[in-house]
Amino acid sequence: MDREQLFNHISKLENDLQNMQENLESIKVHAVKLVEENVSLQMEKEHYETLVNNAKAKPDASFKQNTLKNLYDEGFHICNVHFGTHRHGEECLFCQGFINQS
């Protein structure tokens with residue numbers, strides 16, 4: 001193998017290594033997103049299970065009030081300002097006012 005072939009081979013290996021590193025970074029970013037989504041879904045599942053258990057314990061409230069309160073307790077807005085968006089654990093006075101009106 002002459003010098004030019006050696007340098008070409010080394011250059012090709014460097015390019016291959018760089019491509020593999022870029023692919024690994026892409027996979028890592030995707031893995032982080034999947035883990036975050038999984039944690040969020042687990043939290044929502046736990047909230048849902050809690051709400052189901054509470055709903056079984058409190059059957060006296062109306063269906064509408066239970067449904068909206070459950071959505072709010074699951075972490076979603078029920079007010080007309082942000083309806084259906086995730087609250088990320090923050091309280092919303094509009095939603096609470098709507099629940100109290102029902």
Side-chain angles (χ1 to χ4, degrees):
M1 182 181 280
D2 66 352
R3 188 171 37 177
E4 187 175 329
Q5 287 177 331
L6 179 63
F7 285 127
N8 286 339
H9 187 67
I10 290 173
S11 178
K12 182 184 178 305
L13 288 174
E14 284 177 335
N15 287 337
D16 291 346
L17 184 60
Q18 194 173 31
N19 287 337
M20 285 192 302
Q21 190 167 1
E22 289 171 1
N23 288 339
L24 180 61
E25 287 298 319
S26 174
I27 290 171
K28 283 171 43 178
V29 167
H30 189 65
V32 167
K33 287 180 183 177
L34 289 175
V35 167
E36 289 173 351
E37 181 181 11
N38 190 33
V39 168
S40 175
L41 290 172
Q42 285 176 343
M43 289 173 51
E44 288 184 33
K45 178 182 171 260
E46 290 171 5
H47 288 296
Y48 177 75
E49 289 172 348
T50 303
L51 292 173
V52 167
N53 291 336
N54 288 343
K56 290 178 183 176
K58 301 177 188 177
D60 57 336
S62 73
F63 177 76
K64 174 185 167 188
Q65 190 174 11
N66 271 344
T67 303
L68 292 176
K69 177 119 176 61
N70 288 346
L71 283 172
Y72 183 78
D73 290 341
E74 287 178 18
F76 294 96
H77 283 279
I78 59 167
C79 62
N80 62 346
V81 179
H82 302 289
F83 184 80
T85 59
H86 204 278
R87 292 186 297 116
H88 302 290
E90 298 174 354
E91 299 297 321
C92 175
L93 294 177
F94 296 116
C95 292
Q96 290 175 354
F98 191 72
I99 290 172
N100 292 335
Q101 282 181 343
S102 298

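All residue numbers refer to positions in the sequence shown, counting from 1. All values below were derived from every heavy atom in this structure, side-chain atoms included, with hydrogens, water molecules and symmetry-related copies excluded.
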Flag side-chain contact, heavy atom, 4.5 Å: Gln42 against Asn38: yes
Check: Ser40 side chain, Glu36 main-chain N or O, donor-acceptor pair, under 3.5 Å: no
Check against side chain to side chain contact (heavy atoms under 4.5 Å, CB included), Gln96 and Glu91: CA-CA 8 Å; Gln96 290 175 354; Glu91 299 297 321; 2.7 Å; yes
Reported CD-to-CG distance for the pair Glu22 and Leu17, which is rounded to 0.5 angstrom: 10.5 Å
Side-chain hydrophobic cluster, 4.5 Å single linkage: members besides Val81: Phe94
Transitive ILVMFWY cluster of Leu34, excluding itself - 4.5 Å side-chain cut-off: none
Distance-only donor-acceptor hits, side chain of residues 3-10, under 3.5 Å, sequence neighbours excluded:
from : atom 1 : to   : atom 2 : distance (Å)
Gln5 : OE1    : Asp2 : N      : 3.3
Asn8 : ND2    : Glu4 : O      : 3.3

Sub-4.5 Å side-chain heavy-atom contact between Gln18 and Gln21: no
Donor-acceptor contact below 3.5 Å, side chain His86 vs main chain His88: yes
SB check Lys45 Glu49 (cutoff 4.0 Å): yes
Single-linkage hydrophobic cluster Leu71~Ile99, side-chain heavy atoms < 4.5 angstrom: yes
Nearest-0.5 Å distance, CG of residue Asn54 to NZ of residue Lys69: 8.5 Å
Gap between atom SG of Cys79 and atom CG of Leu68 - 0.5 Å precision: 11.0 Å
Arg87 to Phe76, cation-pi by 6.0 Å centre distance and 45° axis angle: no
Distance in Å, Glu37 CD paired with Leu41 CG, rounded so as to fall on 0.5 Å steps: 5.0 Å
Heavy-atom pair of closest approach, residues Leu51 and Asp73: CD2-CB, 3.3 Å
Check: Tyr72 side chain, Cys92 main-chain N or O, donor-acceptor pair, under 3.5 Å: yes
